[in-house]
Q: 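Please see the structure below; I have some questions.
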Protein chains: 2
Amino acid sequence: MQQQAATKKNAPDAGKAQDVHVDLIAVVAAVNGCEPCALTIGEADTLPSGPFELGHRSLQSGLRAWVERQTGHPLGYIEQLYTFADRDRVGDEPQQRVISISYLALTRDERAPDGPARRWRSWYDYFPWEDHRAGMPPLVTELIGPALRQWAQSAGDDSLRAERGQRIAVAFGFDDRPWNEELVLQRYELLYEAGLVAESRRGRPEAGVAPVPGRAMVLDHRRILATGIARLRSKIKYRPVVFELMAPAFTLLQLQRTVEALAGRLVHKQNFRRLIEQQELVEETGEMAADTGGRPAKLFRFRHAVLAERQAIGTKLPLTRS
Amino acid sequence: MQQQAATKKNAPDAGKAQDVHVDLIAVVAAVNGCEPCALTIGEADTLPSGPFELGHRSLQSGLRAWVERQTGHPLGYIEQLYTFADRDRVGDEPQQRVISISYLALTRDERAPDGPARRWRSWYDYFPWEDHRAGMPPLVTELIGPALRQWAQSAGDDSLRAERGQRIAVAFGFDDRPWNEELVLQRYELLYEAGLVAESRRGRPEAGVAPVPGRAMVLDHRRILATGIARLRSKIKYRPVVFELMAPAFTLLQLQRTVEALAGRLVHKQNFRRLIEQQELVEETGEMAADTGGRPAKLFRFRHAVLAERQAIGTKLPLTRS
DNA sequence: CTCCATTATACTCATCAAGAGCATAATGGA
DNA sequence: TCCATTATGCTCTTGATGAGTATAATGGAG
């Protein structure tokens, strides 16, 4: 218990370890139509957040309270994302430490349209280079690629140049490498390092190349959003979380479009159906879809039983390049 | 920016959101021989930890400082695990909130043997039911299974009984279900809920069945260790992290034994080698192993280049039942 | 010196998941 | 009636994976 004593020792007296402010911050995701969206509040591009308070029973309940208060939107599925302490805050007195505990939340919107308090915004407003559903966006090859390569070339020594070149190629799938939709955070951080996003230019107005297209966000919120997108893109492959974003009944095509919206790439229709059905993730409702053009489709619902039946099985999405 | 203002508002004045104490806590893992170990400090079973202080540049550097101070052991690879706020602290004044940010660290021991300050302890001292390298331990079928089933039966209503029964079967691989070595945390939490571990009996000495074998730890440290083990068991399958635990040069069998120690189960030797080699994770050093009985083995080293070459490729371990 | 236990290493085989494409079935509208 | 559009069923190929067989080196027991 000697260590325990050491830990406790600093607790009673207001020592140098005391002065920590804890923020809870949420990436609230939904898919509206074919667009994956994040919930923002206020005028600026800001994620819902607020301080962790004594009244909160737990971190999660504190987060739910803040999001509901700020947006009126109740949350369903929640998972912790990451805890940051090294935020790029300007003007903080050195005495004040800030810790941000971020969460990913999944819901359906539909409750109400955008209002003064909240606003759904497409992920791809913030990360236009992440949407590959119509193939690699010209933006990537024409703007980002050259700009990043220029940054790589500007490095002092050879090994750094090579290292940067490789990171760029891996992250963006240049040089015949495959596009990996999960590397959202790595891509954002590369652009940040290269000074190609607005966030990395704040406070130091340098005369560099113009920032790449894509809305900036307040503070480090865009980085947190990137973390959330990356987590979700990864998780849909091994856990049945997509269904948190679906209406109670849906067609397989709607499900597919949702997955595609999240992953930012297309999947092979027949293989997708095969996968979903063979894993017994869904069951027919018996109804048919209200017509959407073409042959009517069966409606399905999520088999909630799978959550109990098995752990760690999911929706490996069969990816395609077309 | 309205929300931003709201967040900032509580910062300057010492409002009710201020009083938060942040602890950093580490699961330091190494594999000594064929045993996966965690680093503990002091007399009791305690993970290295200490408060996040102003002097710390970042959460990670704060953690490194604490571990090094408490154990003399410098850390290499680190990743964040989880942030807890609802710790089962007894005697905390309600005014004092504690947040624990936990990390997983990978090293090799060898620097020095156990000393007064630190001690390596096998994971399976704490979780004897997790080691399936010699098949399902009798402990599981003879003790844990019956005790958990009894707990399930003690539930009030039918649906709760059924739900508990299913959770038990899934977590421990009963009823012909496969053993899933990643469900370390779920298994611990089941035992906790069922009152079968010492930690869940603290403060409420009930007259129930005896706790299951396995050392307890201080506070909720055993839960944090379980989280770390689960993370590592999952991660070795898709990222080349095992090599953080290996000496610079090793034989393929040593690598295999390390993976087996972590996973708590055996792998098919030939398939393991095939996988490692076809993924080009290692390269020959040219040397042969100092004899270990039998035909001498080639020594290999990790190809550090893979870390840059590709993201998200790893060591899918081919599992076997033998 | 031989036999054997032990470990290393090379192949083979069957099964199955996944990428890809073809074909047919319903529907509404031009 | 033809066609665009979506739904749905099936086949084919490839590659990954679980599992087993066979052979190569080594040291130690006898």
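Order of the sequence lines fixes the chain letters, A, B, ..., with proteins taken first and strands second; residue numbering starts at 1 for each chain.
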Q: For A:M288 and D:dT8, give me the distance from atom CE to atom P, rounded to whole Å.
A: 6 Å
Q: Contact class for A:K269 vs. all strands (heavy atom < 4.0 Å): base, sugar-phosphate, or nothing?
A: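 Since a base atom lies under 4.0 Å of A:K269, the category is base.
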Q: For A:W179, does the six-membered ring have the charged nitrogen or CZ of A:R133 within the cation-pi criterion, i.e. under 6.0 angstrom from the centroid and within 45° of the normal?
A: no
Q: Need to verify one output field. Residue with the more 5' nearest nucleotide on DNA chain C, B:L253 or A:Q278?
A: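 In this pair, the answer is B:L253.
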Q: For D:dG9, does the base pair up with any side-chain atom of A:R274 as donor and acceptor (N or O, under 3.5 Å, distance only)?
A: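 Under the 3.5 Å cut-off, the side chain and the base do not form any donor-acceptor pair.
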Q: Return the value, rounded to whole Å, for the distance between atom CD of A:Q279 and atom C1' of C:dA18.
A: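 Computing the A:Q279:CD to C:dA18:C1' distance gives 12 Å.
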Q: Quickly work out the A:F272 CZ to C:dA18 P distance and round it to whole Å.
A: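 Computing the A:F272:CZ to C:dA18:P distance gives 13 Å.
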Q: If you check every side-chain atom of A:R273, which of C:dT7, D:dT17, D:dA7 has the closest atom?
A: D:dA7
Q: Under 6.0 Å from the six-membered ring centre of A:F250 and within 45° of its axis: does the NZ or CZ of A:R257 meet both?
A: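 No, A:R257 does not sit over the ring of A:F250.
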Q: Would you mind telling me which of D:dG20, D:dA7, C:dT9 lies closest to the side-chain atoms of B:R295?
A: C:dT9
Q: For A:G294 and A:Q270, find the nucleotide of DNA chain C closest to each by heavy atoms; which residue's nucleotide sits nearer the 5' end?
A: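 Checking each residue's closest nucleotide, the 5'-ward one belongs to A:Q270.
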Q: Please report the distance, rounded to the nearest Å, between CZ in B:F250 and C1' in C:dA8.
A: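 Atom-to-atom, B:F250 to C:dA8, this comes out as 16 Å.
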Q: Is B:R177 positioned over the aromatic face of B:F172, cation under 6.0 angstrom from the ring centre and no more than 45 degrees off axis?
A: no
Q: Given atom CD1 of A:I276 and atom C1' of C:dA18, what is their separation to the nearest angstrom?
A: 14 Å
Q: Give every donor-acceptor pair under 3.5 Å between a side-chain atom in residues 293-301 of chain B and any protein atom, sequence neighbours left out.
A:
unit_1: B:K298; atom_1: NZ; unit_2: B:E284; atom_2: OE2; d: 3.2
unit_1: B:R301; atom_1: NH1; unit_2: B:E283; atom_2: OE2; d: 3.1

Q: With side chain to side chain donor-acceptor pair (under 3.5 Å) as the criterion, how do B:E79 and B:Y77 come out once you've worked through the C-alpha distance, each side chain's angles and the decisive distance to 0.1 Å?
A: CA-CA 7 Å; B:E79 79 177 55; B:Y77 177 93; 2.4 Å; yes
Q: Dot-bracket, DNA chain C: Watson-Crick or G-U, under 3.5 angstrom, [ ] crossing, | other strand?
A: ||||||||||||||||||||||||||||||
Q: Nearest whole Å is fine: how far is D:dA25 P from B:K298 NZ?
A: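 Spelled out: NZ on B:K298 to P on D:dA25 is 11 Å.
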Q: Hey, is A:K237 close enough to A:E181 for a salt bridge, meaning N to O under 4.0 Å?
A: yes
Q: If you assign each of B:G293 and A:F300 to its closest nucleotide in DNA chain D, which residue comes earlier from the 5' end?
A: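 Result: A:F300.
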Q: Could you tell me how far apart A:L266 (CG) and C:dG21 (P) are, to the nearest whole angstrom?
A: 14 Å
Q: If you measure from the Lys or Arg side-chain nitrogens to the Asp or Glu carboxylate oxygens, is any gap between B:E244 and B:R108 under 4.0 Å?
A: no
Q: Please report, rounded to the nearest Å, how far the P atom of C:dG21 is from the CG atom of A:N271.
A: 10 Å
